[in-house]
Student: 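Quick one: this structure, given as structure tokens, is what I'll be asking you about.
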Amino acid sequence: MDPLTLLRDYTIRNSLDRIVRVNDEFRFGSDYSFAATIETAYRSKHAQQTRRYTLETLVHFITNHHLKHTDYIQNARALRIPAVTLPDRKPLLDYLTGKVQSSDSIVPLDFPNLNPQITNLDRPNLHHDSSAAAAAAAAAEPLVSESEGNLIELIRAKEKPIKDREAMLVFTNRDFYSVLTAATKRDEERQRTEALQRKDNIVAKNRIESRGFSTGEDANKMRKMGEGVPIILVPSAFSTLITIYNVKDFLEDGVYIPTDVKLKQAKGGKPDCVTVQKKFSRDRVVTAYEVRDKPTALKSDDWDRVVAVFVLGKEWQFKEWPFKGHVEIFNKILGFYMRFEDDSVESAKTVKQWNVKIISISKNKRHQDRAAALEVWDKLEEFMRSRSH
């Protein structure tokens with residue numbers, strides 16, 4: 001029996017609930033089993049879609065024919081099942097429900113005699129009278145019979161290859177040039193970052209030598225401070241005014257830009273390190289600083305280079321720091337707390353108990369940011385001079 005006739009018979013007998021999908025096949029009770037994608041004898045009348053409907057399409061249609069056509073189409077697309085067209089809807093429903101005996105859309109197919117035996121193990125709803133019956137069911141024939149194997153061969157014989165493995169790699173509107181340019185750009189950015197790092201190390205070395213710390217005991221003092229570029233730590237949380245995204249604008253250009261604005265302007269991912277210098281300075285030699293926001297990534301030698309920190313005002317910021325408490329921290333590291341000048345006093349209540357410098361800026365008057373940035377630089381340079389003696 002072909003699947004279209006069988007589906008019509010189950011529809012007329014109101015037995016659609018006995019049609020069960022198991023993996024990639026439909027089982028009609030305990031008698032028949034067909035592949036879900038097998039083509040049926042019913043052909044579409046659509047002018048641009050003269051194809052046969054699959055069993056999967058017909059089962060989905062007959063179980064959802066009560067839906068409006070637009071809702072039915074959306075449901076079919078969601079399940080990735082080919083839908084029945086609107087012109088075919090009524091004549092197909094009339095045929096499946098038995099209102100008409102035949103249709104000119106039916107073009108018979110040659111189906112092998114399919115009647116695979118479905119084992120009782122695959123029918124858990126059936127009851128067995130004894131353990132002997134269960135043992136007999138376990139010894140039943142496998143689901144795939146010789147006739148079904150012939151059906152699979154028939155389907156394969158009608159398959160038409162659309163693309164091979166070489167054609168799958170061909171794209172009309174794509175090439176590998178964009179991949180090459182992106183990789184080249186990343187390599188250039190890496191080389192530029194490394195060159196800037198080397199330059200900053202030279203600047204820091206010149207700064208040390210300009211102060212006369214080249215040999216002897218003074219040089220040992222500088223080595224105890226930490227060799228290399230000094231480090232400034234900023235919070236990683238966006239609730240603070242200064243982050244790794246806007247610290248360069250504030251310290252170098254004297255302009256405060258909110259972090260959310262910088263995030264929208266940012267290209268690429270979050271930087272691990274930012275280098276800042278005091279641009280608005282008359283000094284012939286300018287010290288470069290590294291700004292980082294991941295204290296946990298610092299090694300023991302890196303902590304010797306930490307000279308300043310912008311604080312959140314929360315104790316947990318220093319949880320994994322290699323110090324006993326905030327007293328020791330701010331004896332060795334210069335602390336800054338950034339706030340808006342019209343913020344409540346309660347916001348800085350904890351900070352006032354620490355040895356940190358509170359820097360206030362206006363929410364709207366950006367021309368005042370430069371003075372605040374200079375105040376940070378003055379305190380930082382004063383602290384660096386005190387550490388070098």
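Predicted model only: the values in this text are computed from it and were never measured.
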Student: L7 versus V59: any side-chain heavy-atom pair under 4.5 Å?
Tutor: yes
Student: Could you pull out the closest heavy-atom pair between Q368 and S362, with the gap in Å?
Tutor: OE1-CB, 3.8 Å
Student: Run the salt-bridge test on D9 and R13 with the 4.0 Å N-O cut-off and return the result as yes or no.
Tutor: yes
Student: Just distance, no hydrogens or angles: give the donor-acceptor pairs under 3.5 Å from side chains in residues 320-328, sequence neighbours left out.
Tutor:
residue : atom : partner : partner atom : Å
W321    : NE1  : Q317    : O            : 3.2
E328    : OE1  : K324    : N            : 2.8
E328    : OE2  : K332    : NZ           : 3.1

Student: Hey, would you say the F34 and F28 ring centroids sit under 6.0 Å apart?
Tutor: yes
Student: Can any side-chain N or O of D343 pair as donor or acceptor with the backbone N or O of F340 at less than 3.5 Å?
Tutor: yes
Student: Where the side chain of S386 meets the backbone of F383, is there a donor-acceptor pair that is under 3.5 Å apart?
Tutor: yes
Student: Does L298 reach the side chain of R305, with side-chain heavy atoms less than 4.5 Å apart?
Tutor: no
Student: Decide yes or no for V261 and N246: does some side-chain heavy atom of the first lie under 4.5 Å from some side-chain heavy atom of the second?
Tutor: no
Student: Out of curiosity, N75 CG to D71 CG, how far, rounded to the nearest 0.5 Å?
Tutor: 8.5 Å
Student: Hey, does the side chain of E252 reach the backbone of Q277 with a donor-acceptor pair shorter than 3.5 angstrom?
Tutor: yes
Student: Of all heavy-atom pairs between G98 and I12, which one has the smallest distance, and what is that distance?
Tutor: CA-CD1, 3.8 Å
Student: Work out which heavy atom in P3 is nearest to a heavy atom in L55; give both atom names and the distance.
Tutor: CB-CD1, 4.0 Å
Student: Do T37 and T54 have a side chain donor and acceptor closer than 3.5 Å?
Tutor: no
Student: Using the rule given for salt bridge (charged side-chain N to carboxylate O under 4.0 Å, His left out), can you reason through R51 versus E39, listing the C-alpha separation, both sets of side-chain angles and the distance that settles it, and then say yes or no?
Tutor: CA-CA 9 Å; R51 59 177 174 83; E39 290 185 344; over 6 Å; no
Student: So that I can tick it off, tell me whether K262 and D249 are bridged by a salt bridge, with the cut-off set at under 4.0 angstrom between side-chain N and carboxylate O.
Tutor: yes
Student: Please report the shortest heavy-atom distance between A83 and T57, naming the atom on each side.
Tutor: C-CG2, 4.1 Å
Student: Determine, step by step, whether D293 and L233 satisfy the side chain to side chain contact (heavy atoms under 4.5 Å, CB included) criterion, reporting the C-alpha distance in whole Å, the side-chain angles of both residues, the deciding distance to 0.1 Å, and the verdict.
Tutor: CA-CA 6 Å; D293 67 347; L233 294 177; over 6 Å; no
Student: Identify whether the distance between the nearest side-chain nitrogen and carboxylate oxygen of R292 and E290 falls below 4.0 Å.
Tutor: yes
Student: When you compare the side chains of T181 and T184, does any donor N or O come within less than 3.5 Å of an acceptor on the partner?
Tutor: no
Student: Does the cation-pi check pass for R370 over Y256, that is, NZ or CZ under 6.0 Å from the six-membered ring centre and within 45° of its axis?
Tutor: no
Student: Are F310 and F336, when compared by the centres of their aromatic rings, separated by less than 6.0 Å?
Tutor: yes
Student: Run the salt-bridge test on D187 and R190 with the 4.0 Å N-O cut-off and return the result as yes or no.
Tutor: yes
Student: For a quick test of reading the model, state the closest non-hydrogen atom pair linking A288 to V229 and the distance between them.
Tutor: O-CG1, 3.1 Å
Student: Measure the spacing between NZ of K270 and CG of L263 and express it to the nearest 0.5 Å.
Tutor: 9.5 Å
Student: To the nearest 0.5 Å, tell me how far T350 OG1 sits from L312 CG.
Tutor: 11.5 Å
Student: Please determine if E375 and K357 form a salt bridge, counting it only when a charged side-chain N lies under 4.0 Å from a carboxylate O.
Tutor: yes
Student: Could you tell me if D88 and Y42 have a donor-acceptor pair between their side chains, going purely by distance under 3.5 Å?
Tutor: no
Student: Quick one: do T11 and T97 satisfy side chain to side chain donor-acceptor pair (under 3.5 Å)? Show the steps, please.
Tutor: CA-CA 6 Å; T11 303; T97 55; over 6 Å; no
Student: Taking C-beta and beyond as the side chain, do V307 and I333 meet within less than 4.5 Å on heavy atoms?
Tutor: no
Student: Just say parallel, tilted or perpendicular for the rings of Y289 and W377, cut-offs at 30° and 60°.
Tutor: tilted
Student: Evaluate I62 against L16 for side chain to side chain contact (heavy atoms under 4.5 Å, CB included), listing each step before the verdict.
Tutor: CA-CA 9 Å; I62 196 61; L16 291 176; 4.0 Å; yes
Student: Would you say K185 has more than 12 foreign heavy atoms packed within less than 6.0 Å of its NZ?
Tutor: no
Student: For residues K278 and L251, determine if any side-chain heavy atom of one lies less than 4.5 Å from a side-chain heavy atom of the other.
Tutor: no
Student: Distance from R339 atom CZ to I358 atom CD1, nearest 0.5 Å?
Tutor: 6.5 Å
Student: So does K363 pair up with E341, basic N to acidic O under 4.0 Å?
Tutor: no
Student: Can you find a pair of side-chain heavy atoms, one from T240 and one from T243, that are under 4.5 Å apart?
Tutor: yes
Student: Within the side chain of N64, is there an N or O that forms a donor-acceptor pair under 3.5 Å with the backbone of L67?
Tutor: no
Student: Does R366 have more than 12 heavy atoms from other residues, nucleotides or ligands lying within 6.0 Å of its CZ?
Tutor: yes
Student: For atom CG of N14, decide whether the heavy atoms of other residues, nucleotides or ligands shown that lie under 6.0 angstrom number more than 12.
Tutor: no
Student: Does F318 form a ring pair (Phe, Tyr, Trp, His ring centres under 6.0 Å) with F330? I'd like the steps, not just the answer.
Tutor: CA-CA 11 Å; F318 315 109; F330 299 122; 5.7 Å; yes
Student: Does any N or O in the side chain of R27 come within less than 3.5 Å of the main-chain N or O of S33, such that one atom is a donor and the other an acceptor?
Tutor: no
Student: At their closest point, which heavy atom of G313 faces which heavy atom of V351, and how far apart are they?
Tutor: CA-CG2, 3.6 Å
Student: First locate atom CZ of F61, then atom CG of L93, and finally report the distance between them rounded to the nearest 0.5 Å.
Tutor: 5.0 Å
Student: Look at the side chain of R52 and the backbone N and O of I106, then say whether any donor-acceptor pair between them is shorter than 3.5 Å.
Tutor: no
Student: For V255, is there any backbone N or O sitting under 3.5 Å from a side-chain donor or acceptor partner on D253?
Tutor: no
Student: Within 45° of the axis and under 6.0 Å from the centre of the six-membered ring of Y95, does NZ or CZ of R8 qualify?
Tutor: yes
Student: Surrounding CG of D260 (heavy atoms of other residues, nucleotides or ligands, distance under 6.0 Å), is the total greater than 12?
Tutor: yes
Student: Rounded to the nearest 0.5 Å, how far does OG of S360 lie from CE of M338?
Tutor: 8.0 Å
Student: Show which residues join I81 in its hydrophobic cluster (side-chain heavy-atom contacts under 4.5 Å, direct or indirect), or state none.
Tutor: L79
Student: For K248 and V291, run side chain to side chain contact (heavy atoms under 4.5 Å, CB included): C-alpha distance rounded to whole Å, both residues' side-chain angles, the deciding distance at 0.1 Å, then the answer.
Tutor: CA-CA 9 Å; K248 192 175 185 72; V291 182; over 6 Å; no
Student: Ion pair present between D302 and K299, side-chain N to carboxylate O less than 4.0 angstrom?
Tutor: no
Student: Are any non-hydrogen side-chain atoms of Y337 and I359 less than 4.5 angstrom apart?
Tutor: no
Student: Looking at the rings of Y72 and H60, which for Trp means the six-membered one, are their centres under 6.0 Å apart?
Tutor: yes
Student: With K90, which residues qualify under side-chain hydrogen bond (donor to acceptor under 3.5 Å, both in side chains), at least two apart?
Tutor: D94
Student: Run T70 and I73 through side chain to side chain contact (heavy atoms under 4.5 Å, CB included) and show every step you take.
Tutor: CA-CA 5 Å; T70 54; I73 292 294; 5.8 Å; no
Student: Looking at side-chain heavy atoms only, is the closest gap between F238 and Y245 below 4.5 Å?
Tutor: yes
